[in-house]
K.L.:
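Structure provided below as structure tokens; questions to follow.
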Amino acid sequence: MSDEIRRNMPLFSMGIVTDLTELSSRQVRYYEQQGLIRPVRTKGNQRLFSFNDVDRLLQIKSLMEKGVNIAGVKEMLREKDQQQAQEAQPEPQPQEVTKPDLSDAELHKLLKRQLSELGSRPNQSHLIRGELSRFFH
DNA sequence: GTTCTAACA
DNA sequence: TGTTAGCA
């Protein structure tokens with residue numbers, strides 16, 4: 001798949017990325033430190049982001065807006081990476097009967113864990129609980 | 001003019 | 001996270 005090489009091709013500067021994602025450069029750099037993205041560096045030490053990097057940043061932004069913290073975002077993307085890694089390698093089982101996107105189940109688990117961390121952030125607790133109600137009806 | 005790192009009235 | 005300082 002030569003499409004992968006295109007998606008991972010370093011093309012965007014910090015300015016383009018902050019424009020595209022509406023995230024601050026501070027946030028983008030911080031997320032890189034957290035290992036959520038790995039933009040390439042130019043000879044002048046400037047970051048060059050790929051389409052995949054931008055895509056991940058948008059996912060991070062989306063999760064953050066829903067009240068998920070960095071730890072939660074890390075786990076979400078980590079699991080997504082695992083799935084991609086498996087899809088990249090031909091599974092020895094050609095007949096995959098049960099292939100749930102377990103996106104909801106994992107999210108449920110993660111959000112449940114988040115519930116215990118809410119004590120440190122009383123500000124958005126009500127907002128988060130509102131989102132959580134969807135899973136605990 | 002833009003991006004980078006480090007640090008905090 | 002914002003923002004500022006001092007470089008490249």
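Per chain, numbering begins at 1; letters A, B, ... match sequence-line order.
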K.L.:
Check this for me, if you would: do Lys61(A) and Glu22(A) make a salt bridge, where the nitrogen-to-carboxylate-oxygen distance has to be below 4.0 angstrom?
P.N.:
yes
K.L.:
Expressed in angstrom and rounded to an integer, what is the separation of Glu22(A) atom CD from dT1(C) atom P?
P.N.:
14 Å
K.L.:
Along nucleotides 2-9 of chain B, 5' to 3', which nucleotides get a B, which get an S, and which get a -, given that the test is a protein heavy-atom distance under 4.0 Å?
P.N.:
-SSB-B--
K.L.:
Please report the interatomic distance CG(Leu58(A)) to OG1(Thr21(A)), rounded to the nearest 0.5 Å.
P.N.:
6.0 Å
K.L.:
Could you identify the nucleotide paired to dA5(C), looking across every strand shown and requiring Watson-Crick or G-U wobble geometry with both distances under 3.5 Å?
P.N.:
dT5(B)
K.L.:
Salt bridge or not between Glu32(A) and Arg41(A)? Use side-chain N to carboxylate O under 4.0 Å.
P.N.:
yes
K.L.:
Should Leu20(A) and Leu57(A) count as side-chain neighbours, where that means a heavy-atom distance under 4.5 Å?
P.N.:
no
K.L.:
Respond yes when some side-chain nitrogen or oxygen of Ser24(A) is under 4.0 Å from OP1 or OP2 of dT1(C), and no when none is.
P.N.:
no
K.L.:
Side chains of Val73(A) and Asn69(A): closer than 4.5 Å at any heavy-atom pair?
P.N.:
no
